[in-house]
Every structure is written in C-alpha cells, then in structure tokens.
Trainee: 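Here you go, one structure.
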Amino acid sequence: MTNNKLHFIFSLLFFFSISLLNAQDNTGYPANYAKEPRFKALVYYTTHAEEAHVKFAEQGVEFFKRLNYGRGFNLDITADFSQYPYEKLKEYDVVVMLNATPQAKDQREAFEKYMKNGGGWVGFHAAAYNDKNTNWPWLVEFLGGGIFYCNNWPPQPVKLVMDNTTHPVTKNLPSSFIAPESEWYQWNPSPRENKDVEVLLSISPDNYPLGIKDVVNFGDFPIVWTNKKYRMIYLNMGHGDDEFTDATQKLLFVNAFRWVVSQNTKGDPFRK
C-alpha cells in the first residue's frame, strides 16, 4: 500500500472519529428520567370562598395532579393550613396557593418564616387579595407593595403582552395572547414601581375600557410578576371554571411552577 493511500485512510479515520465525538458531545441522550420523585409540593386552597374561586381551585387541584402523572414529584393537597406549622412546611420545595392565603396568626407566621428561609411560592388570583382589613403588612411587602385597587366586572378575556420575553417563564410563549375570561385585579401602587419586582406579563392598554358593569378605564396593569427578594411568582388568573381551557395559559402555569421549583436553594432538581 502506498504512502498516499495510507495517508488517505488515516485522514478518513481521523475525520470519522472527530465526527463521532462531536455527535456525542452535541447530542447525547436527550431524556432525563427521574429515578425518584424530584421534589415535594404542597397545594393549598379553601372551600370557604366565593363560588368562582372555589371552582378554579377544584380545577387547579386536578391540573397539578395531572402534572404529577408518573409520580415525578411528591404532591400533597390540603384545605387546612393549620396542619402545616413551620417545621412541617419547610419540608416542601414549593407551596401553591390557589385561592387563599392563611388567615390565623400562627399560620401566617409559619408561612412568612418559610418564605424568608428560602421557601417557594406560586400564588393565583385571590391568594394575593389584600385590603385595609387584611392586617398583614408582610404580605403586602411580599407581593411588591401593591394593595387591591379595582377590578373589571363581569369576568372577560383580555389581551396580554409580555414584559420580558427572555425569562424562563415566558421565553416559549407568544409576545401577546388572549387569556380566558377572568376577574382582573389592578394594584395600587403598581408592583412595577418596586425595584425588587420583575413584571413578566401585563394587560395590554388596548383593552381599555375593560369591563361591562364595572369598568377600568386606565392604569398600569401587571398580572404576572416575581418579587426577586423571594422565590415566588404571582399570577392574577384564577376566577371561575374557564382558566384551564387555553393551552398558552396552561403552559404559562407549568412554566411558573417549574421555574419556582428550579430556583430551589438546594439546587435545581430537574438537572439531577
């Protein structure tokens, strides 16, 4: 065999070897199967609320049960927050509040301590409602400083726009979409004014005037945000039985839940 032929063969072998290594480096095996439940989640709701909020909570429970098909995480569901003092609450990587926050002083103190010590929170709609009768200053600070100001009525769909298209919660969502009907809360002051708050989605101003009976005519209207001092996200959706009918909005909910879990101070369980 001539030197030229040997050189050609060695060159081919080298080329294929490099190609194989690059293919393995760039692709590998795409799936990451959980060998055990990755994290622990608690879903809390109350039946002592207006009917539309209870309906949302009931559907929300089923939504999170479906996310746990195959037991990807440990899921507990409760309508009694008194059963979760801090020592028990701290076992959870994330707490989802579908339609309420705790009312009793000891329950509030347990939740506040949980969040201050790295706990995770996903809250919907009425879980953030606060007014002059709430008497929980920390909750107002936690939510970014806003107090319930006004709302549209009756519930209706709205056009939502992304404030941040690169955040893990929004990066695979369209820049705007029509959300299913809901009662939308406006806050005063707007959470956007807080330097620690990152607004992810807002109601587009071209929805104004918003409402039929009770009409909101103007104002900043963020509806999904995170207070960066905590591992949390708030989503204003959560009124009635229409909230899980839209695939884009459901993807938003999945993204929000997954993102809060992934920010765990113990490490991202999805990368293990």
Trainee: Please verify the inter-ring angle class for Tyr185 with Phe148; under 30° counts as parallel, over 60° as perpendicular, anything in between as tilted.
Mentor: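 Plane angle over 60°, so perpendicular.
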Trainee: Taking atom CD of Gln249 and atom CD1 of Ile178, what is their separation to the nearest 0.5 Å?
Mentor: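 Reported value, rounded in 0.5 Å steps: 11.5 Å.
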Trainee: For the backbone of Val169 and the side chain of Asn255, can you confirm whether one donor and one acceptor N or O come within less than 3.5 Å of each other?
Mentor: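 Here the side-chain-to-backbone pair exists.
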Trainee: Do Asn207 side-chain atoms and Ser204 backbone N/O form a donor-acceptor pair below 3.5 Å?
Mentor: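 Yes, because the side chain of Asn207 sits within donor-acceptor range (under 3.5 Å) of the backbone of Ser204.
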Trainee: Just by distance, with hydrogens left out, do His125 and Glu183 show a side-chain donor and acceptor under 3.5 Å apart?
Mentor: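 Judged by distance alone, the side chains do pair up.
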Trainee: Just by modelled atom types, is the Asp93 backbone N or O under 3.5 Å from a matching donor or acceptor in the Arg231 side chain?
Mentor: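 Between the backbone of Asp93 and the side chain of Arg231 there is a qualifying donor-acceptor contact (under 3.5 Å).
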Trainee: Please find out if less than 6.0 Å separates the ring center of Tyr86 from that of Tyr114.
Mentor: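 Between Tyr86 and Tyr114, the centre distance exceeds or equals 6.0 Å.
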Trainee: Hey, does the side chain of Thr46 reach the backbone of His48 with a donor-acceptor pair shorter than 3.5 angstrom?
Mentor: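 Checking the backbone N and O of His48 against the side chain of Thr46, a donor-acceptor pair under 3.5 Å is found.
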Trainee: Working to the nearest 0.5 Å, report the span between CD1 of Ile203 and CD of Gln186.
Mentor: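 Those atoms lie 8.0 Å apart.
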Trainee: If hydrophobic clusters are built from ILVMFWY residues whose side chains come within less than 4.5 Å, do Phe64 and Phe39 share one?
Mentor: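 Result: yes, single cluster for both.
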Trainee: Does one hydrophobic cluster hold both Leu139 and Met232, with members joined at side-chain heavy-atom distances below 4.5 Å?
Mentor: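 Both belong to a single hydrophobic cluster.
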Trainee: For the pair Trp184 (side chain) and Gln156 (backbone), establish whether a donor and an acceptor sit closer than 3.5 Å, ignoring hydrogens and angles.
Mentor: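 Answer holds: yes.
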Trainee: Apply the test ring pair (Phe, Tyr, Trp, His ring centres under 6.0 Å) to residues Phe244 and Phe56: give CA-CA distance (whole Å), side-chain angles for both, the deciding distance (0.1 Å), then the verdict.
Mentor: CA-CA 9 Å; Phe244 298 96; Phe56 169 76; 5.4 Å; yes
Trainee: What are the two closest heavy atoms between Pro180 and Asp242, and how far apart are they?
Mentor: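 Here Pro180 and Asp242 meet closest at CB-O, 3.4 Å.
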Trainee: Evaluate the side-chain proximity of Phe221 to Leu210: yes if any heavy-atom separation is below 4.5 Å, no if none is.
Mentor: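 Answer yes - side chains close enough.
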Trainee: Compare all side-chain heavy atoms of Trp187 with those of Asn130 and state whether any distance is below 4.5 angstrom.
Mentor: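 Yes. Closest side-chain heavy atoms under 4.5 Å.
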Trainee: Do Gln59 and Glu243 have side-chain atoms, one donor and one acceptor, less than 3.5 Å apart?
Mentor: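 No, no side-chain donor-acceptor contact under 3.5 Å.
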Trainee: State whether Phe270 and Arg38 meet the cation-pi test: NZ (Lys) or CZ (Arg) under 6.0 Å from the six-membered ring centroid, and within 45° of the perpendicular axis.
Mentor: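 Arg38 over Phe270 ring: no.
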Trainee: Can you name the closest pair of heavy atoms from Ala57 and Leu98 and give their distance?
Mentor: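 Taking Ala57 first and Leu98 second, the nearest heavy atoms are O-CD1, 3.5 Å.
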Trainee: Asn227 and Asp196: side-chain donor and acceptor closer than 3.5 Å?
Mentor: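 Absent: no donor and acceptor within the cut-off.
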Trainee: Would you call the rings of Phe142 and Trp138 parallel, tilted or perpendicular, taking 30° and 60° as the class edges?
Mentor: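 Aromatic pair Phe142/Trp138 classed parallel.
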Trainee: Does the distance from a Lys or Arg side-chain N to an Asp or Glu carboxylate O, for Glu87 and Lys90, drop under 4.0 Å?
Mentor: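 Yes, charged N to carboxylate O under 4.0 Å.
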Trainee: Among pairs that include at least one residue of residues 151-161, which meet salt bridge (Lys or Arg N to Asp or Glu O under 4.0 Å), considering only residues two or more places apart or in two chains?
Mentor: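 Counting only pairs at least two positions apart or across chains, the salt bridge (Lys or Arg N to Asp or Glu O under 4.0 Å) contacts touching residues 151-161 are Lys159-Asp206.
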Trainee: Consider only side-chain heavy atoms of I, L, V, M, F, W and Y, link residues closer than 4.5 Å, and tell whether Leu42 and Phe257 are in one cluster.
Mentor: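 No; tracing contacts between hydrophobic side chains, which count when under 4.5 Å, never links both residues.
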Trainee: Considering all heavy atoms of both residues, which atom of Pro174 and which atom of Thr248 are nearest to each other, and what is their separation?
Mentor: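 For Pro174 versus Thr248, the nearest heavy atoms are CD-CG2, 3.8 Å.
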Trainee: Side chains of Tyr230 and Lys116: closer than 4.5 Å at any heavy-atom pair?
Mentor: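 Yes - at least one pair of side-chain heavy atoms lies under 4.5 Å apart.
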Trainee: Can you establish whether the number of heavy atoms outside Ile212 located under 6.0 Å from its atom CD1 is more than 12?
Mentor: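 No, because the 6.0 Å sphere around CD1 of Ile212 holds 12 heavy atoms or fewer from other groups.
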Trainee: Verify the distance criterion only: is there a donor paired with an acceptor across the side chains of Asp80 and Ser82 at less than 3.5 Å?
Mentor: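 Yes, Ser82 and Asp80 have a side-chain donor paired with an acceptor closer than 3.5 Å.
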Trainee: Give a yes-or-no answer on whether the side chains of Asn164 and Glu198 include a donor-acceptor pair shorter than 3.5 Å.
Mentor: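 The answer is yes; a qualifying pair exists.
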Trainee: Hey, are Glu58 and Lys55 close enough for a salt bridge, meaning a charged N less than 4.0 Å from a carboxylate O?
Mentor: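 Salt bridge between Glu58 and Lys55, a charged N being under 4.0 Å from a carboxylate O: no.
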Trainee: When you compare the side chain of Met97 with that of Pro102, does any pair of heavy atoms fall below 4.5 Å?
Mentor: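 Touching, per the 4.5 Å side-chain cut-off.
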Trainee: Which heavy atom of Ala128 sits nearest a heavy atom of Tyr234, and at what distance?
Mentor: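 Heavy atoms only, the tightest pair is CB-CE1, 3.3 Å.
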Trainee: Applying ring pair (Phe, Tyr, Trp, His ring centres under 6.0 Å), run through Phe218 and Tyr208 and close with a yes or a no.
Mentor: CA-CA 6 Å; Phe218 61 88; Tyr208 292 133; 7.5 Å; no
Trainee: Once you round to the nearest 0.5 Å, how far does CD of Gln83 lie from CG of Leu89?
Mentor: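 Nearest 0.5 Å value for the CD-CG distance: 12.5 Å.
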Trainee: Going by the side chain to side chain donor-acceptor pair (under 3.5 Å) test, which pairs reach into residues 211-221, not counting sequence neighbours?
Mentor: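 Matches after skipping sequence neighbours: Ser190-Asp220, Arg192-Asp220.
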Trainee: Are the aromatic ring centres of His167 and Trp259 under 6.0 angstrom apart?
Mentor: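 Distance test on ring centres: under 6.0 Å, yes.
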Trainee: For Glu50, check salt bridge (Lys or Arg N to Asp or Glu O under 4.0 Å) against everything at least two apart and list the hits.
Mentor: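 With neighbours one apart ignored, the set is empty.
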Trainee: Give a yes or no on whether the backbone of Leu143 and the side-chain of Trp225 come within a donor-acceptor separation of less than 3.5 Å.
Mentor: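 Checked: pair present.
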Trainee: Without swapping roles, check the side chain of Thr170 against the backbone of Leu200 for a donor-acceptor pair under 3.5 Å.
Mentor: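 Between the backbone of Leu200 and the side chain of Thr170 there is no qualifying donor-acceptor contact (under 3.5 Å).
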Trainee: I'd like to check Phe177 versus Val161 (side-chain heavy atoms, cut-off strictly below 4.5 Å). Are they in contact?
Mentor: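 In short, these two side chains do not touch, never coming nearer than 4.5 Å.
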Trainee: Does the side chain of Ser202 pick up a donor-acceptor pair with the side chain of Asp163 at under 3.5 Å?
Mentor: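 Judged by distance alone, the side chains do pair up.
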Trainee: Looking at every non-hydrogen atom in both residues, tell me the closest pair between Thr47 and Val54 and how far apart they are.
Mentor: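 Heavy atoms only, the tightest pair is O-CG2, 3.7 Å.
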Trainee: Check this for me, if you would: do Lys105 and Glu109 make a salt bridge, where the nitrogen-to-carboxylate-oxygen distance has to be below 4.0 angstrom?
Mentor: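 Yes, this pair counts.
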Trainee: For residues Met237 and Tyr129: do they belong to one hydrophobic cluster (side chain heavy atoms under 4.5 Å, members Ile, Leu, Val, Met, Phe, Trp, Tyr)?
Mentor: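 As far as the 4.5 Å side-chain criterion goes, Tyr129 and Met237 are not connected within one cluster.
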Trainee: The test is salt bridge (Lys or Arg N to Asp or Glu O under 4.0 Å); show your working for Arg108 and Glu112 and say whether it passes.
Mentor: CA-CA 6 Å; Arg108 288 180 170 184; Glu112 183 176 340; over 6 Å; no
Trainee: Counting neighbours of NZ on Lys171 that are heavy atoms of other residues, nucleotides or ligands and sit closer than 6.0 Å, is the number greater than 12?
Mentor: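 Result for NZ/Lys171: open.
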Trainee: Counting only heavy atoms from other residues, nucleotides and ligands, does the tally under 6.0 Å from OH of Tyr149 exceed 12?
Mentor: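 Counting other residues, nucleotides and ligands, OH of Tyr149 stays at 12 neighbours or fewer.
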Trainee: Got a second to check how far Asn99's CG is from Phe124's CZ, nearest 0.5 Å?
Mentor: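 Asn99 atom CG to Phe124 atom CZ measures 11.0 Å (nearest 0.5 Å).
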Trainee: Check whether any side-chain heavy atom of Leu67 lies under 4.5 Å from a side-chain heavy atom of Glu62, and answer yes or no.
Mentor: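 A side-chain contact under 4.5 Å is absent here.
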Trainee: A side-chain contact here means heavy atoms from C-beta on lying under 4.5 Å apart; do Asn188 and Ile147 qualify?
Mentor: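 No, every pair of side-chain atoms sits at 4.5 Å or beyond.
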Trainee: Cation-pi check for Phe253 against Lys250: NZ or CZ below 6.0 Å from the six-membered ring centre and within 45 degrees of the axis, yes or no?
Mentor: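 No cation-pi geometry.
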Trainee: Between Glu141 and Lys229, does at least one N-O distance fall below 4.0 Å, as a salt bridge requires?
Mentor: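 Looking at Glu141 and Lys229, the cut-off is met.
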Trainee: What's the spacing between Leu75 CG and Ile77 CD1 if we round to 0.5 Å?
Mentor: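 Here the interatomic distance stands at 4.5 Å.
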Trainee: For the residue pair Ile233 and Val224, establish whether any side-chain heavy-atom pair is separated by less than 4.5 Å.
Mentor: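 They are in contact (side-chain heavy atoms under 4.5 Å apart), so the answer is yes.
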Trainee: Minimum heavy-atom separation for Gly146 and Val140, please, with both atom names.
Mentor: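 For Gly146 and Val140, the tightest heavy-atom pair comes out as O-CG1, 4.0 Å.
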Trainee: Could you grab the distance from atom OH of Tyr44 to atom CH2 of Trp121, nearest 0.5 Å is fine?
Mentor: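 Between atom OH of Tyr44 and atom CH2 of Trp121 there are 12.5 Å.
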Trainee: Could you check whether Lys40 makes a cation-pi contact with Tyr92, meaning its NZ or CZ is under 6.0 Å from the centre of the six-membered ring and within 45° of the ring axis?
Mentor: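 Yes, cation above the ring, under 6.0 Å and within 45°.
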Trainee: Do Leu160 and Leu252 share a hydrophobic cluster, counting only Ile, Leu, Val, Met, Phe, Trp and Tyr and linking them when any side-chain heavy atoms are less than 4.5 Å apart?
Mentor: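 Leu160 clusters together with Leu252.
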